[in-house]
Amino acid sequence: MQKKKTNVRLSKYVVPIKYDIKLHPDLENFTFGGTEVITVILLKDTKEITLHSKEIDIETVRIDKEFSQKITYNQKAETATFVFDKKIPKGRHALTISFQGILNDKMRGFYRSSYVYEGKVHNIATTQFEATDARRAFPCFDEPAQKAIFNVSLVIPKGKTAISNTLPISKVEHEAGFEVVKFAPSPKMSTYLLAFIVGDFEYIEKKSKGGVLVRVYTTPGKVHQAGFSLDCAVKVLDFYEKYFDIKYPLNTLDMIAIPDFASLAMENWGAVTYREVGLLVDENNTSLGSKQMIALVIAHELAHQWFGNLVTMEWWTHLWLNEGFASYIEFLAVDDLYPEWDIWTQFLTYEHGVALRLDGLLNTHPIEIPVHHPDEIGEIFDEVSYSKGSSVIRMLADYLGEEDFRLGLSHYLKKHSYKNTETIHLWEAFEKISKKPVAKMMQNWTGRGGYPVINASLERDNLILKQNRFFLSSISKKKANDKTIWQVPISLSNSNKTQKLFLSVEKKLVPSKDFEWLKLNQGESGFYRTAYSKELLASLYSPVLNKVLPPIDRLGIVRDLFTLAEAGVIPTIDALEFLSAYKNEDNYTVWTEIASGLSRIEQTFGKTSAKSNLDKLTINTFTPIFQKLGWEKKESDSHTDAFLRSLAIARLGRAGDKKIIDEAKRKFASSKSIHPDIRSAVYTIVATHGGIKEYNILVKMYKEETLHEEKNRIGSVLGDFQDD
Ligand code: BES
Ligand code: ZN
C-alpha cells in the first residue's frame with residue numbers, strides 16, 4: 001500500500017456541540033437543499049473555521065451575525081474553510097450554513113435509490129455516511145471523535161415516510177403539499193452514524209422486553225418478508241441488554257431494507273439500514289443459509305449500537321475495535337438464539353479461516369494501522385479488521401474465560417459511554433477485571449501483520465514447540481524474513497487432559513508418558529496453524545477417524561494440512577493420505593474445509609490429466625455423505641445438514657458424477673419449484689455442464705426476478721459455463 005502522507009485531521013480548536021439541520025430532498029430532480037446551525041465552541045480567537053464538505057455548494061455562511069466573505073475549498077482534504085473579516089472570540093457561537101447538493105447515484109452520502117412497484121419506478125432518498133461521507137450531505141466536522149447532538153428536520157412530500165435516528169416530535173404543514181418532520185434530539189454521537197431516509201415504506205413493529213419499539217421497514221409489497229428479522233432483532237436486543245448490562249440507549253430501533261445499498265448493512269444509531277438480502281425473508285424462496293446470514297447481520301449491527309455507537313473509536317486506525325468485535329459477538333448472540341445452529345463451528349470457516357488465509361500473505365497489514373485520507377480509510381474495511389479482528393478477540397475471550405470477558409466489556413462500555421477510545425482502553429478494562437497481562441499478550445496480534453505456525457515434534461521424550469511466521473508462499477517467507485515472536489496461548493489436549501501454557505520463542509515439554517495422541521490449539525481458539533511431525537500427525541489419525549476429537553479440532557487438523565501442502569511445507573500426498581481419516585465425517589463445517597482443500601488442489605491442476613483423477617477422489621470422498629443425506633430435506637435433518645446436502649451435491653456434480661448431474665438437470669427442467677436450500681447447487685451443476693440453451697434460460701430468469709436473493713443465486717452461476 002502506497003501511503004499518502006497528507007494529514008487530513010481537522011484542527012482541535014473548533015468543537016461542535018450540536019447540529020440543527022433541515023434538509024429538503026427533491027425526489028424528482030435528485031437534488032437537496034439544506035440549512036444548518038452548528039453550535040460550536042472555539043477554544044481560541046480565530047478568523048477561520050475549517051470543516052468537511054464534499055460535492056456540496058455552500059451558499060451562505062455566518063457565525064452569529066457575521067457573514068463570511070470568503071469560502072475556500074480543499075478538494076483533496078475534502079474541506080471548506082470559512083474566513084471572517086473580524087476575529088471571532090473564543091467561546092460558544094452559532095455557525096449557520098445554507099447549501100445545495102445532489103442526491104447522487106453512488107450509494108454514499110445522501111443518495112437516491114429506486115425500485116419498481118406495480119409497474120412504476122419509485123424513488124427513495126437515503127444515506128450512507130460511514131466512513132467519511134456525512135460531509136457529502138451537510139458541511140460537518142466529520143471525524144468519529146467529534147461527537148455532537150443532532151436535531152434533524154426533513155421537508156418531505158405529504159404522505160411519504162421520513163425516518164431518522166430518533167422518533168419524530170412534530171409534523172408541520174409546509175408549502176405546496178410538503179410537511180416538515182422534526183425528529184427528537186439524537187444522543188451525543190459521531191457524524192458517521194447519522195441517517196435519514198425518505199420514501200414510501202410499509203412496516204411491522206414489536207416491543208422488546210425492555211420496552212424498545214422495534215420496527216422493520218420495506219418498500220411497498222415486501223413487508224410480509226419482514227417477520228423473521230423483527231423477531232430476531234427483538235431477541236437480540238434483549239440478549240445484548242442483559243449481556244452488556246446496559247440498556248439500549250434509545251427508545252426505538254428501526255431497520256430499513258433499502259433497494260440499492262453498497263454494503264450489507266449499516267449500524268446507524270436507531271435506524272439501521274440493510275441491503276434487502278440482509279434483512280428480508282421470503283418463506284418460499286429464502287434458503288436456510290440466507291436466514292442464518294440475516295440473523296448474523298442483525299446481531300452484528302445491533303452489537304454496534306453499544307460497541308461502536310455508544311463507545312466509538314477515536315480514529316479509524318482503531319476501526320477493528322468496531323468491526324472485529326461485532327464480528328465476534330454476532331456469533332455469541334446467534335448461538336444464544338439458535339443453539340441448534342452449531343454457529344461457533346461455522347465461525348471457524350467464515351471468520352477464522354478467512355483471516356488465516358488473507359493474513360498468510362506478504363501483503364497483509366497489521367490490525368491497527370495508521371490511516372489518513374478517506375481512500376485509505378475505505379481500504380481497511382477488510383478481512384483483517386473484521387475476521388482477524390474477531391478471531392483474536394475469540395482467542396482473548398478463551399484466555400480470559402467467559403465471565404471475565406463479559407465483565408471486562410461491560411466495564412469498558414460503561415466507562416467510555418458517549419466517548420471515544422483506542423485499542424488500549426479495551427485491554428485496560430480486561431486487565432482491571434481479570435488481572436491478566438492482556439496488553440502485553442495482544443501487542444503483536446494487533447500490532448503486526450501475520451501469525452505464527454507452531455512446529456510440534458518429539459525428540460526422545462520431549463515435546464518441542466517452536467514458532468515462526470507463517471506464509472502461504474515460500475517466496476514470501478524468504479522475502480519477508482520476519483522474526484516476529486507472538487505470545488501464543490497454547491492448549492495441548494490428549495486423551496486424558498488439557499494443558500494450557502504460553503509459547504514465546506521455544507518450549508521443551510515432557511508430556512505424560514501414556515498419551516495416545518496430542519492435539520495443539522484445542523478448539524482452534526488460537527490464531528495460528530500447527531505443523532505436526534509425521535509421528536505426531538500419525539497419532540491423530542485414529543481420534544479423527546473415530547471422532548474422539550470434537551468437530552472444530554478435526555477441522556483444524558485437515559485445514560492446516562491442506563494449507564501446509566499449499567505452502568510447500570509438506571508434500572500434498574501427506575494431506576491427501578490423511579483425508580481417509582475423515583470417512584466417517586458428518587460435520588458440515590469440517591466438510592467445507594475438506595471441499596475447499598480439494599478445490600484448491602483442483603485449481604492448481606487446471607484441465608490436466610491429473611484433474612480426472614482428482615475428480616474421482618472427490619466423488620469417492622463425497623458419495624458416502626451424499627448417500628446418507630439424499631436430495632430431499634428430511635425431518636431428522638440437523639440445521640447444518642441442509643448446507644451439507646447442498647455442498648455434497650455441488651461437489652459431486654462439478655466433479656462429473658453422472659447421476660447427480662442428470663438429477664440436477666431433471667429438477668431444473670421440471671415445473672416443480674426447487675427447494676431453496678439446494679437451488680444454488682442445482683444451478684451451478686446445470687451451468688457447469690450446460691450450453692447455450694441453459695444459459696439463455698438462466699439469463700431470462702435473472703432479468704425477470706425481483707427477489708434479490710434469487711437474482712444473486714442465478715447471477716453467481718453465470719460464470720460457471722464451460723462453453724466459450
Ligand atoms: N459498519 C459496517 C458497514 C460499512 C461497511 C460501512 C463498509 C462502511 C464501509 C457494518 O457494521 C458492517 O460491518 N456490515 C457488514 C455486514 C456484517 C454482518 C459483517 C457488511 O455490510 O458487509
Ligand atoms: Zn460492522
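Whatever order the structure lists them in is the order used to number ligands and atoms, beginning at 1. In this chain, numbering begins with 1 at the start of the sequence shown.
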Side chain proximity check, D359 to F527, heavy atoms < 4.5 angstrom:
yes
For ligand 1, find out whether one of its N or O atoms is nearer than 3.5 Å to an N or O atom of [X].
X    : answer
E301 : yes
S327 : no
V297 : no
M266 : no

So does [X] have more than 12 non-hydrogen atoms from other groups sitting under 6.0 Å from [atom1]?
X    : atom1 : result
Q75  : CD    : no
K415 : NZ    : no
Q443 : CD    : no
L237 : CG    : yes
K711 : NZ    : yes

Would Q128 count as a contact of ligand 1 if the rule is a heavy atom under 4.0 Å away?
yes
Minimum-distance atom from the Zn ion (ligand 2) among N, O or S atoms of E323:
OE1
Of all the N, O or S atoms in H304, the one nearest to the Zn ion (ligand 2) is NE2
Which ligand 1 atoms does H304 reach within 4.0 Å, using its non-hydrogen atoms?
11 (O)
Could you tell me, atom by atom, which parts of ligand 1 come under 4.0 Å of a heavy atom of E267?
1 (N), 2 (C), 10 (C), 11 (O)
Check the angle between the aromatic planes of [X] and [Y] and answer parallel, tilted or perpendicular using the 30° and 60° thresholds.
X    : Y    : value
F244 : F325 : tilted
F138 : F196 : tilted
Y203 : Y217 : tilted

Identify the closest protein heavy atom to [atom]: which residue and atom is it, and at what distance?
atom                    : answer
atom 6 (C) of ligand 1  : E130 OE1, 3.2 Å
atom 13 (O) of ligand 1 : Y386 OH, 2.6 Å
atom 21 (O) of ligand 1 : L264 N, 2.5 Å
atom 7 (C) of ligand 1  : F381 CD2, 3.4 Å

Under-4.0 Å heavy-atom contact with ligand 1, by part of E323 that carries it:
side chain
Under 4.0 Å, heavy-atom basis, I'd like to know which part of A265 is in contact with ligand 1: side chain, backbone, both or neither.
backbone
Report the residue from T161, I163, N268, V216 that forms a side-chain contact (heavy atoms from CB on, under 4.5 Å) with I256.
I163
